[in-house]
Amino acid sequence: MSTQGVDTDPRRAVSVGRIGLGDHACLSFVDDDACWSVLAAYSQWGLAKGEKVLVVTDPDLSKGEIFARLDSYGPPAEPAWERGQLNIESTESMYLPPARFSVEGQIQRYREQIELSYRQEYPGLRACADMAWALDPDMDLDQLVTYEHKLKVLFTDPRCSVICCYDRKRFSREMLDRMDGVHPMAVLEGIGSLDIAYTDSGLKLAGEVDLSTREQFIGGLEQAFARFGDRLLLDLADLSFLDAHGAGAIIRLAAEMPPGGRLEIRCSTRQAYVLRILGAESIPWMVLTKV
């Protein structure tokens, strides 16, 4: 899913490939399949990196169903479970009945999982959790917000990453907004999506620019160039993929800017290389800042 709007939110919207040890992120979703595509990619990348992976999910899902979901984005997951690298827990076993939930107790449970992964000589713990358990009538949702806020203590020692999953069909808009406020990062829903956000000085993008998002990307660029005129900051740092056609569109629009203007592009080394190949150095008012 993609969004557009004024960027007044300090959190970063990123594709799942940008999530690594030390990150605490929120994934709000509508489509279950899109959510599982993100979690499958996140889990499989963790397994490939040699990390311990913890999947906390609906107790009604069988291990076979979970393996099938994870297998959609990589090699069979069951062998990783058999050797102990993949751990699957139900929300009931991980979070306890809501009436007995405590913030400090739950943080301690995560600490124990992190320390166990360390003792087992994994570089860290990669966890994802379905938060639907918190909708139980016995759960105090203010306590949930406090828990999500205090969970940041786990990430001062970056041996852990956690994605908390909130179903927009079930949680209120008010609660989702509060969750947005306590998570430093928001994961884009689905693989291959694009997020466009206007800032005070330009445009910030996250996700992927390819054939499926090309029209959206070019439309956002054209609006930004029209809106900001001869002074524009284009932030590509959180794009996990930028195809040559998208880079070419940036060059074309930059070349049409009036002389004396300034286009600053925050980008990766690879993105800068592609932009230079396509002619960035021939546009004196175009400045590439590698981040």
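Count residues from 1 along the sequence. What you see is a predicted model; the values in this text were computed from it and never measured.
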Contact summary for [X] and [Y], nearest pair of heavy atoms:
| X | Y | answer |
| --- | --- | --- |
| I251 | L275 | CD1-O, 3.7 Å |
| L27 | L188 | CD1-O, 4.0 Å |
| G246 | V209 | CA-CG1, 4.1 Å |
| A247 | V274 | CB-CG1, 3.8 Å |
| L39 | C128 | CD2-CB, 3.8 Å |
| D130 | T91 | O-CG2, 3.4 Å |

Under a 4.5 Å side-chain heavy-atom rule over Ile, Leu, Val, Met, Phe, Trp and Tyr, are [X] and [Y] clustered together?
| X | Y | answer |
| --- | --- | --- |
| L47 | V55 | yes |
| I88 | V56 | no |
| L253 | I283 | yes |
| V182 | M185 | no |
| V38 | W36 | yes |

Main chain of [Y], side chain of [X]: is a donor-acceptor contact present, judged purely on distance under 3.5 Å?
| X | Y | answer |
| --- | --- | --- |
| Q44 | P75 | yes |
| T213 | Q216 | no |
| W285 | A254 | yes |
| D235 | I265 | no |

Taking atom [atom1] of [X] and atom [atom2] of [Y], what is their separation to the nearest 0.5 Å?
| X | Y | atom1 | atom2 | answer |
| --- | --- | --- | --- | --- |
| L239 | F241 | CG | CZ | 10.5 Å |
| L70 | K63 | CG | NZ | 12.0 Å |
| S43 | E51 | OG | CD | 10.5 Å |
| Y273 | L278 | OH | CG | 10.5 Å |
| Q271 | R276 | CD | CZ | 12.0 Å |
| D195 | E208 | CG | CD | 13.0 Å |

If the condition is ring pair (Phe, Tyr, Trp, His ring centres under 6.0 Å), which residues does Y73 pass it with, not counting sequence neighbours?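 For Y73, the residues satisfying ring pair (Phe, Tyr, Trp, His ring centres under 6.0 Å) (neighbours in sequence not counted) are W45.
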
Would you call the rings of F171 and Y166 parallel, tilted or perpendicular if under 30° counts as parallel and over 60° as perpendicular? perpendicular

Assign the ring pair Y95 / Y147 to parallel, tilted or perpendicular, where the plane angle (0 to 90°) is split at 30° and 60°.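 Rings of Y95 and Y147: perpendicular, as their planes differ by over 60°.
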
How far apart are the C-alpha atoms of L86 and F67, what are their side-chain angles, what is the distance that settles it, and do they pass the side-chain contact (heavy atoms from CB on, under 4.5 Å) test? CA-CA 10 Å; L86 171 63; F67 291 149; 4.1 Å; yes

Check ion pair D243-R214 (N to O, under 4.0 angstrom):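 Answer for the salt bridge query: yes.
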
salt_bridge(R168, E189) N-O dist < 4.0 Å: yes

Would you mind reporting whether [Y] and [X] have side-chain heavy atoms less than 4.5 Å apart?
| X | Y | value |
| --- | --- | --- |
| L242 | L205 | no |
| L232 | F225 | yes |
| W133 | D136 | no |
| L288 | E281 | no |
| L151 | V153 | no |
| L221 | L234 | yes |
| H183 | C164 | yes |
| F228 | D200 | no |

Report the C-alpha separation of D238 and K204 in whole Å, then their side-chain angles, then the decisive distance to 0.1 Å, and conclude whether the salt bridge (charged side-chain N to carboxylate O under 4.0 Å, His left out) test is met. CA-CA 8 Å; D238 284 325; K204 182 176 176 60; 3.2 Å; yes

State, without any angle test, whether [X] and [Y] hold a side-chain donor-acceptor pair at a distance under 3.5 Å.
| X | Y | answer |
| --- | --- | --- |
| E65 | S62 | yes |
| T289 | E264 | yes |
| S161 | Y42 | yes |

Is it true that atom [atom1] of [X] has more than 12 heavy atoms of other residues, nucleotides or ligands lying nearer than 6.0 Å?
| X | atom1 | result |
| --- | --- | --- |
| E174 | CD | no |
| E82 | CD | yes |
| R170 | CZ | no |
| R231 | CZ | yes |

N/O donor to acceptor pairs below 3.5 angstrom from side-chain atoms of residues 138-145, sequence neighbours left out:
from, atom 1, to, atom 2, distance (Å)
D140, OD1, D142, N, 2.9
D142, OD1, R178, NH1, 3.0
D142, OD1, R178, NH2, 3.1

Pair L263-M257, side-chain contact (heavy atoms from CB on, under 4.5 Å): steps then yes or no: CA-CA 9 Å; L263 170 62; M257 290 178 71; 3.7 Å; yes

Show your reasoning for whether side-chain contact (heavy atoms from CB on, under 4.5 Å) applies to R266 and K290. CA-CA 6 Å; R266 297 182 73 251; K290 290 187 284 186; over 6 Å; no

In sequence, state the C-alpha distance, the side-chain angles, and the governing distance for V162 and C160, and then conclude on side-chain contact (heavy atoms from CB on, under 4.5 Å). CA-CA 7 Å; V162 177; C160 176; 3.6 Å; yes

Please table the atom pairs, donor to acceptor, closer than 3.5 Å between any side-chain atom in residues 112-121 and protein atoms at least two apart or in another chain.
from, atom 1, to, atom 2, distance (Å)
E115, OE2, R159, NH2, 2.8
S117, OG, I114, O, 2.6
Q120, OE1, K52, NZ, 2.8

